[in-house]
Amino acid sequence: MRILLIHSDYLEYEVKDKALKKPEEISENQKKGRLDEVLAVFMSVEKVDEQNPEEIVKKAVKEIEEVVSQVKTNNIFVYPFAHLSSELGSPDVALRILKEIENELKNKGYNVRRAPFGYYKAFKLSCKGHPLAELSRTIVPGEAKKE
Ligand SMILES: Nc1ncnc2c1ncn2[C@@H]1O[C@H](CO)[C@@H](NC(=O)[C@@H](N)CO)[C@H]1O
């Protein structure tokens with residue numbers, strides 16, 4: 001999994017069009033979203049992650065929590081983003097992993113939004129620009145089997 005973390009004044013998105021034949025079903029109020037004072041977490045789920053999705057969820061949550069504590073926000077935007085890797089995992093597995101990350105973070109008490117999966121979306125982002133405002137992480141399953 002490739003992760004880009006941007007500490008932002010706000011992130012807002014608007015769904016524009018389907019990017020997959022069968023995107024995630026969403027309600028009317030999911031077509032637009034915004035969070036202020038937010039850690040925007042853009043995530044590309046990779047093929048290798050399919051070897052151990054549970055491990056990836058745990059590692060991603062740990063990485064996100066570490067950055068959240070450093071930048072001192074409670075608001076997290078989980079954003080599916082298929083542009084950080086050339087070895088993308090399948091949409092089904094990717095959606096499942098991103099939903100589990102969202103739920104884990106919610107269970108830990110964070111204020112979490114997740115952008116809809118499988119769509120083209122317009123978005124606006126206001127990066128804060130401090131030294132920890134732009135970070136990236138690469139996560140692989142610890143027990144990845146050698147092929
Ligand atoms: N392995 C993967 N990891 C993360 N997101 C993934 C994915 N496979 C599919 N998606 C989602 O489907 C849209 C089309 O690829 C993706 N849409 C986007 O990435 C938008 N920024 C529009 O390009 C995304 O919602």
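In this chain, numbering begins with 1 at the start of the sequence shown. Remember, it's 1-based here, ligands and their atoms both numbered in the order they're listed.
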Salt-bridge criterion met for E102 and K106 (N-O under 4.0 Å)
yes
Considering the heavy atoms of H83, write down every atom of ligand 1 situated less than 4.0 Å from one of them.
18 (C), 19 (O), 20 (C), 21 (N), 22 (C), 23 (O)
I need the nearest protein heavy-atom contact for atom 1 (N) of ligand 1: residue, atom name and distance, please.
V45 O, 2.9 Å
So, regarding A94 and ligand 1 (criterion: nitrogen or oxygen to nitrogen or oxygen, under 3.5 Å), is there a contact or not?
no
Which residue and heavy atom of the protein sit nearest atom 15 (O) of ligand 1, plus the separation
A82 CB, 3.6 Å
Any nitrogen or oxygen of G89 lying under 3.5 Å from a nitrogen or oxygen in ligand 1? Just yes or no.
yes
Distance in Å, I3 CD1 paired with K59 NZ, rounded so as to fall on 0.5 Å steps:
11.0 Å
Given E24, which of K18, R96, R114 fulfils the salt bridge (charged side-chain N to carboxylate O under 4.0 Å, His left out) condition?
R114
Between ligand 1 and P116, is the shortest N or O to N or O distance under 3.5 Å?
no
Protein heavy atom at shortest distance from atom 22 (C) of ligand 1:
Y119 O, 3.4 Å
By number and element, which atoms of ligand 1 are closer than 4.0 Å to a non-hydrogen atom of L20?
12 (O)
Which of K47, E46, R2 passes side chain to side chain donor-acceptor pair (under 3.5 Å) with S85? Answer is E46
Of K72, H130, E134, Q70, the one forming a side chain to side chain donor-acceptor pair (under 3.5 Å) with H7 is H130
Specify the protein heavy atom at minimum distance from atom 24 (C) of ligand 1: its residue, its atom name, and the distance to 0.1 Å.
G118 N, 3.9 Å
Can you get from L5 to Y10 by hopping between Ile, Leu, Val, Met, Phe, Trp and Tyr side chains that sit under 4.5 Å apart?
no
Pairing donors with acceptors under 3.5 angstrom, does anything connect the side chains of S90 and D92?
no
Within the 4.0 Å heavy-atom shell around F81, which atoms of ligand 1 are there?
4 (C), 5 (N), 19 (O), 21 (N)
Output yes when a side-chain donor or acceptor of S136 lies under 3.5 Å from a complementary backbone atom of L4, and no otherwise.
no
List the closest protein heavy-atom neighbour of atom 10 (N) of ligand 1: residue, atom name, distance to the nearest 0.1 Å.
F117 CZ, 3.4 Å
Identify the two heavy atoms, one from N75 and one from L35, that lie closest to each other, and give their separation to 0.1 Å.
CB-CD1, 4.3 Å
Which ligand 1 atoms does L88 reach within 4.0 Å, using its non-hydrogen atoms?
1 (N)
Residue-level breakdown please: for M43 versus ligand 1, do any non-hydrogen atoms fall below 4.0 Å on the side chain, on the backbone, on both, or on neither?
backbone
Within ligand 1, which atoms have a heavy atom of S44 less than 4.0 Å away?
3 (N)
Please state which protein non-hydrogen atom is closest to atom 14 (C) of ligand 1 and give its distance, to 0.1 Å?
A19 CB, 3.7 Å
Under 4.5 Å between side-chain heavy atoms, hopping through other hydrophobics if needed: is there a path connecting Y79 to V67?
no
